[in-house]
Each structure stands twice: as structure tokens, then as C-alpha cells.
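These notes are about the structure you will find just below.
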Amino acid sequence: MRAEPPVSAHEWLDADAGPVVRPYTLTGGRVRPPVDGFDLLAFVLTTSAAQPAGVPGLQPEHRRLVELARRPTAVADLAADLDLAVGVVRVLLGDLLAHGFVAVHRPPAAAYLPDDNILKAVVNGLRAL
């Protein structure tokens with residue numbers, strides 16, 4: 001008779017998934033950052049005052065964001081590097097911004113939009129190819 005493999009205490013977890021932590025546990029249940037303006041293309045840069053190791057309430061993901069932002073990095077890239085949802089990264093960045101550990105550099109607004117006639121001419125030129 002063949003023995004059945006032991007049943008895991010958590011059937012929803014498998015070896016390939018790795019540790020599973022819901023995003024709201026990383027943010028303490030918050031869904032919005034304490035400050036606005038974390039555009040996906042905004043660049044985040046660690047400040048010289050960044051010392052998150054001794055600050056209570058900061059998680060390993062906060063410290064990882066500080067390390068990743070030693071060079072200017074877009075918010076979208078930080079989310080991809082941490083394999084976290086952008087909303088979660090925005091909340092974590094808001095915490096770091098409130099502590100003065102990061103600076104956010106927003107992309108410049110589009111000051112000049114081309115005339116519709118120019119766009120139509122470009123489209124017509126492309127169609128003619």
C-alpha cells in the first residue's frame with residue numbers, strides 16, 4: 001500500500017509560489033500614499049539623509065527601495081524590480097518621502113503639443129510609404 005504525501009497546512013501555497021504576502025500587509029492597509037504625485041515616469045532618488053535601518057515601522061521593502069533609488073529610477077521600474085504592484089510601491093515611497101529618505105523628480109509637462117495639421121501630414125506621409 002502506497003503512503004499518501006503529507007497534507008500541507010496551507011493548501012493554497014506551493015513550492016513554486018514562494019512566500020505569499022498580500023499587498024495590504026506591506027502597506028498597513030493603506031491604499032493611497034500620504035502625498036500625491038507619484039507618476040509612473042517620475043524619477044525617485046535617495047537623499048543623503050537616507051538611513052532607514054533604525055526607523056521603526058519601515059519594512060524590508062522600504063530599505064530595498066532606498067537601495068534601488070541610489071541612482072535615479074522611475075517609479076514603474078522600482079515596482080518591476082521589487083515585483084510589487086505600483087500602488088503598493090507608491091504607498092511605500094510616500095512613507096520614505098515623509099521621512100525625507102527619497103526625493104521625487106516629476107517629468108516635465110508637455111509644454112508644446114504639435115498642431116493637428118502637422119500630425120495629419122505625418123500620418124498621410126506614413127500611409128504613402
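Please read these numbers as outputs of a predicted model, since none were measured by experiment.
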Just wondering, do [Y] and [X] contact through their side chains at under 4.5 Å, heavy atoms?
X   : Y   : answer
D39 : R90 : no
V86 : V89 : no
L65 : E61 : no

Closest heavy-atom pair and its distance - [X], [Y]:
X    : Y   : value
V104 : A42 : CG1-CB, 3.9 Å
R70  : L45 : O-CD1, 3.5 Å
T46  : V66 : OG1-O, 2.7 Å

*Give the cluster check for V123 versus L129: same hydrophobic cluster or not, with ILVMFWY residues linked at side-chain heavy-atom distances below 4.5 Å.*
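No; L129 is not reachable from V123 via cluster members.
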_Is there a path of hydrophobic side-chain contacts, each under 4.5 Å between heavy atoms, that joins L92 and F43?_
no
_Using the rule side chain to side chain contact (heavy atoms under 4.5 Å, CB included), only one of D77, T73, L96, L93 pairs with V44; which is it?_
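Option passing the side chain to side chain contact (heavy atoms under 4.5 Å, CB included) with V44: L93.
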*For D115, look at atom CG and say whether over 12 heavy atoms of other residues, nucleotides or ligands are found less than 6.0 Å away.*
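Yes - once you tally the heavy atoms of other residues, nucleotides and ligands closer than 6.0 Å, there are more than 12.
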*Would a distance-only check, ignoring hydrogens and angles, find a side-chain to backbone donor-acceptor pair under 3.5 Å from T47 to A103?*
no
